[in-house]
Amino acid sequence: MCNDTIKDFIRERVARDIREERVSGGVVTRFPPEPNGYLHIGHAKSICLNFGIAEEFGGITYLRFDDTNPLSESESYVLAIQKDVRWLGFDWESRLTFASDYFPQLYEFAEELIKRGKAFVCDLSFEELQQSRGSLVEPGTVSPYRNREVEENLDLFRRMRGGEFPTGSKTLRAKIDMHAANINMRDPVLYRIIHAPHHRTDSNWCIYPMYDFTHCICDALEGVTHSLCTLEFADHRPLYDWVLENININFHPPQIEFSRLGLEYNVMSKRMLSQLVEKRYVSGWDDPRMPTLSGLRKRGVPPAAIRDFCNRVGVTKQNNNIETELLDFCIRNTLERTTRRAMAVKQPLAIEITNFEGDDLLLEAPWHPKNEELGVRTFTFGRTIYIDRDDFAMSPPPKFRRLVLGGLVRLRYAFIIECLDVESDEHGTVTKVFAKYFPSSKSGSDTSGLKPKGVIQFVAANNALNAKIHDYYRLFDVPTPRREQFEQEINPDSHVVHHGFVEKAVCSVSDSPSFQFERLGYYFSSPDDSPTQEHLVFHRTVPLSQGWKPKG
RNA sequence: UGGGGUGUGGCCAAGCGGUAAGGCAACGGGCUUUGAACCCGUCAUUCGCAGGUUCGAAUCCUGCCACCCCAGCCA
């Protein structure tokens, strides 16, 4: 974690507001997700910002669901989102709210607007409204219903609420300016008719308020001192302010925008993410390749790593596309000190130790090379052992420091071996290696005087447990997948499964699902995976950083 | 041809008129029974471009250029 005091333009603003006594009752922020999808790492940036600021300045944060559209929202998302926020490490305590909690008040404010002649009921169809809105360069045209009397508007609006009109047949619109350069100000829709049950209010309502009308009022009612949102809402700020200025409400939060998080080789749009799920490119919202919080969790990414990441990327208004290396760094950095080491082979290659006779030897190694508190584990060495295919080469590339025919290598925490011979199949693929070991070279008490160039991990046949090892790679082939063709840019090799072995000792650990398989990476045994008799299951959280790449 | 936002090294990002922080990546070296971790060191004469103001500009002014967002009864 970086311990430096975080500083960005929003925190500076908050600090200044406090200093100049503009926030009398303490800082209040909110995280306002719509329950129509799962949270992703971009949301984490917003969560860390909102909850982080409240923590730092002694304030409070609401978790408020922006549930004004019953057509796309549901209870299951509400639950999933709460789980993710909690997992990330934040607590809203008693401050769980829903925009739908405020439907009665919102309705009253709408009537107030009508009574003040600031809103009218419009009968324009969807297409007509779209037509009359104008374009980016042409002003809109005024609705023929704009001049209805207050009484008529009130009557119509009440009947809309009463369920007299079909879905989509009428809207309540703000009376602002059809000539406004900002399209959001061209008499925007405030309420629409939707005859559909809502996950919280069931069928109590058939009219639902729009985001622009709802969000600012909810912020004000909750006393939000700093309403933080992403840049695409900057154009909505004049409307946010207009609504609050035209109703009788005694609080007016400032809206402050920052840029959303971009992560290379990923997509962050809810639409694209749900496409990946629906079209089965991934196994679900929690697929370990997804940038969702549930996906990251399933991959074994610790929440602290995500928080660290969010703090490191900063908060500005610049468009950004963060390299995945930074996230990987944060993950390794938080896992490094506390994660047990173990040995595993992904693609087993058998070695017969020709000069080994009798029962396996019992050996010992620390769970962590530096953190002694983690203690030690035992494992065995015997006549048959497995190493990774990658750690043996008949024709090694330059600077290869592993096992070669006639060469020496150190088996991690065990002995030095020398490769004597190999056995190959008809394709020339090595199927078995014959080697001799040097009894005097035992780790910790080596008197052999031999100096092998490299060290590789191994698992003795008698100490091996079957393991299904999932390796994950980037989901996309390109740094910035394009909305129009992202399906063609999916990396077909983003998921590789190996049937390998891990040392038995991993089963004796119950307090942590994460291991660093030495020289391979950090792996995670997900509690979601149903345990089977045949094999253990591990997901690669992140590979180790590579100091040497084969093939140069 | 409208409105809003942004331009500092490969990716982020400080900088708020006094002579370019930091992180990641990369590269070089040390250490090493994980080619990991760890430790050293290198990495912007220059801040989108062009003018101007000033003793002095990434910071102020003017003009240009580039990129992102906006025409849901989505949020």
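Labels below follow one simple rule: chain letters A, B, ... track the order of the sequence lines, proteins then strands, and each chain is numbered from 1. What you see is a predicted model, and the numbers here were worked out from it, not measured in a lab.
Residue contacts shown for A/Thr214 are absent, as no nucleic acid heavy atom lies under 4.0 Å away. Counting any heavy atom pair closer than 4.0 Å across all strands shown, A/Leu129 reaches a base atom. Residue contacts for A/Glu12: at a heavy-atom cut-off of 4.0 Å it reaches a base atom on one of the strands shown. Here A/Lys170 lies out of heavy-atom contact (under 4.0 Å) with every strand. Nucleic acid contact for A/Gly454: none, since no nucleic acid atom lies under 4.0 Å from a heavy atom of the residue. Heavy atoms of A/Ser545 sit under 4.0 angstrom from primed sugar atoms or phosphate atoms, though from no base atom. Among the heavy atoms of the strands lying under 4.0 Å from A/Tyr413 is at least one base atom, whether or not backbone atoms are also near. Residue A/Lys442 is classed as a base contact, given a heavy-atom separation below 4.0 Å to a base. As judged by a 4.0 angstrom heavy-atom cut-off over every strand, A/Phe309 is placed among residues making no nucleic acid contact. Residue A/Leu71 is out of contact with every strand shown, counting any heavy-atom pair closer than 4.0 Å. Looking at heavy-atom distances under 4.0 Å, A/Pro369 makes contact with a base.
Comparing B/G23 with B/U32, their C1' atoms sit 26 Å apart, to the nearest whole Å. Distance noted for atom C1' between B/U8 and B/C47: 4 Å (whole Å). A distance of about 50 Å separates the P atoms of B/A50 and B/G35, rounded to the whole Å. Rounded to a whole angstrom, the distance from the C1' atom of B/C60 to that of B/C27 is 39 Å. Atom name C1', nucleotides B/A75 and B/C49: the rounded distance is 38 Å, in whole Å. Taking atom C1' in both B/C67 and B/A21, one finds a spacing of 27 Å when rounded to whole Å. Comparing B/G17 with B/C73, their P atoms sit 45 Å apart, to the nearest whole Å. When the C1' atom is used for both B/G2 and B/A71, the distance is 11 Å, rounded to whole Å.
Taking atom CZ on A/Phe329 and atom P on B/G22, their separation rounds to 15 Å, with Å as the unit. B/A75 atom P lies 13 Å from atom CZ of A/Phe213, rounded to whole Å. Distance A/Asn36 CG to B/G72 P: 19 Å, rounded to the nearest Å. Rounded to whole Å, the distance from CZ on A/Arg237 to P on B/G3 is 16 Å. We find that CG of A/Leu520 is positioned 11 Å from P of B/G35, with the value rounded to whole Å. If you take CD1 of A/Ile322 and P of B/C11, they are 11 Å apart, rounded to a whole angstrom. Between A/Leu39 atom CG and B/A75 atom P the separation is 18 Å, expressed in whole Å. Taking atom CD on A/Glu336 and atom C1' on B/C39, their separation rounds to 14 Å, with Å as the unit.
Picking from B/G10, B/C73, B/G35 the nucleotide with the shortest atom distance to the side chain of A/Arg133 gives B/C73. Side chain of A/Arg341, nearest nucleotide from B/U34, B/A75, B/G5: B/U34. Counting only heavy atoms from C-beta on, A/Arg312 has its side chain closest to B/G23 among B/G5, B/C11, B/G23. Comparing atom distances between the A/Leu136 side chain and each of B/C24, B/G35, B/C70 picks out B/C70 as nearest. Distance from the side chain of A/Gln516 is smallest for B/U34 among the nucleotides B/G35, B/G10, B/U34. Of the candidate nucleotides B/A14, B/A75, B/U6, B/A75 has the atom lying nearest to any side-chain atom of A/Thr68. Comparing B/G7, B/A36, B/A75 against the side chain of A/Gln318 picks out B/G7 as the nearest. In this structure, of B/G72, B/C24, B/A36, it is B/G72 that holds the atom nearest to the side chain of A/Met210. Here the nucleotide nearest the side chain of A/Val455, chosen from B/G5, B/U34, B/C74, is B/U34.
With a 4.5 Å cut-off on side-chain heavy atoms, A/Tyr522 and A/Leu544 count as touching. Side-chain contact between A/Leu124 and A/Gln131 is absent, with no heavy atoms from C-beta onward closer than 4.5 Å. Between A/Phe392 and A/Arg402 the shortest side-chain heavy-atom distance does not fall below 4.5 Å.
Put simply, the side chain of A/Glu138 and the base of B/G2 share no donor and acceptor less than 3.5 Å apart. You won't find any donor-acceptor pair under 3.5 Å spanning the side chain of A/Lys7 and the base of B/A14, going by distance alone. With hydrogens and angles left out, the side chain of A/His236 and the base of B/A75 share a donor-acceptor pair within 3.5 Å. Not a single donor-acceptor contact under 3.5 angstrom links the side-chain atoms of A/Arg519 to the base of B/U34. On a pure distance criterion of 3.5 Å, a polar donor-acceptor pair joins the side chain of A/Asp235 and the base of B/G3.
The number of heavy-atom neighbours closer than 6.0 Å to CD of A/Glu372, taken from other residues, nucleotides and ligands shown, is 12 or below.
Glycosidic conformation of B/G23 is anti; the angle lies outside 90° of 0.
The partner of B/C55 is B/G18, judged by Watson-Crick or G-U wobble contacts that both fall below 3.5 Å. When Watson-Crick and G-U wobble pairs are counted only if both distances are under 3.5 Å, B/A26 pairs with B/U42. When both pairing distances are held under 3.5 Å, B/A66 makes a Watson-Crick or G-U pair with B/U6.
Ring centroid separation for the pair A/Tyr77 and A/Tyr38 comes in under the 6.0 Å cut-off. In this structure, A/His236 has its ring center no closer than 6.0 Å to that of A/Tyr240.
Using a 4.0 Å cut-off between charged nitrogen and carboxylate oxygen, A/Arg64 and A/Glu222 count as a salt-bridge pair.
Cation-pi geometry between A/Arg540 and A/Phe517 is not satisfied (NZ or CZ under 6.0 Å from the ring centre, within 45° of the ring normal).
Not one side-chain nitrogen or oxygen of A/Arg16 sits closer than 4.0 Å to the OP1 or OP2 atom of B/C16. Proximity of A/Arg410 to the phosphate of B/U34: no side-chain N or O atom is located under 4.0 Å from OP1 or OP2. The phosphate of B/A13 has OP1 or OP2 within less than 4.0 Å of a side-chain N or O from A/Thr316.
In this structure, A/His43 contributes its side chain and A/His40 its backbone to a donor-acceptor pair below 3.5 Å.
With the nearest nucleotide of RNA chain B identified for both A/Ser125 and A/Gly444, A/Gly444 has the one nearer the 5' end. Residues A/Arg412 and A/Phe233 each lie close to RNA chain B; by heavy-atom proximity, the contact nearer the 5' end of the strand is made by A/Arg412.
Looking only at atom types and distance, the side chain of A/Asn36 has a donor-acceptor partner in the side chain of A/Glu34 under 3.5 Å away.
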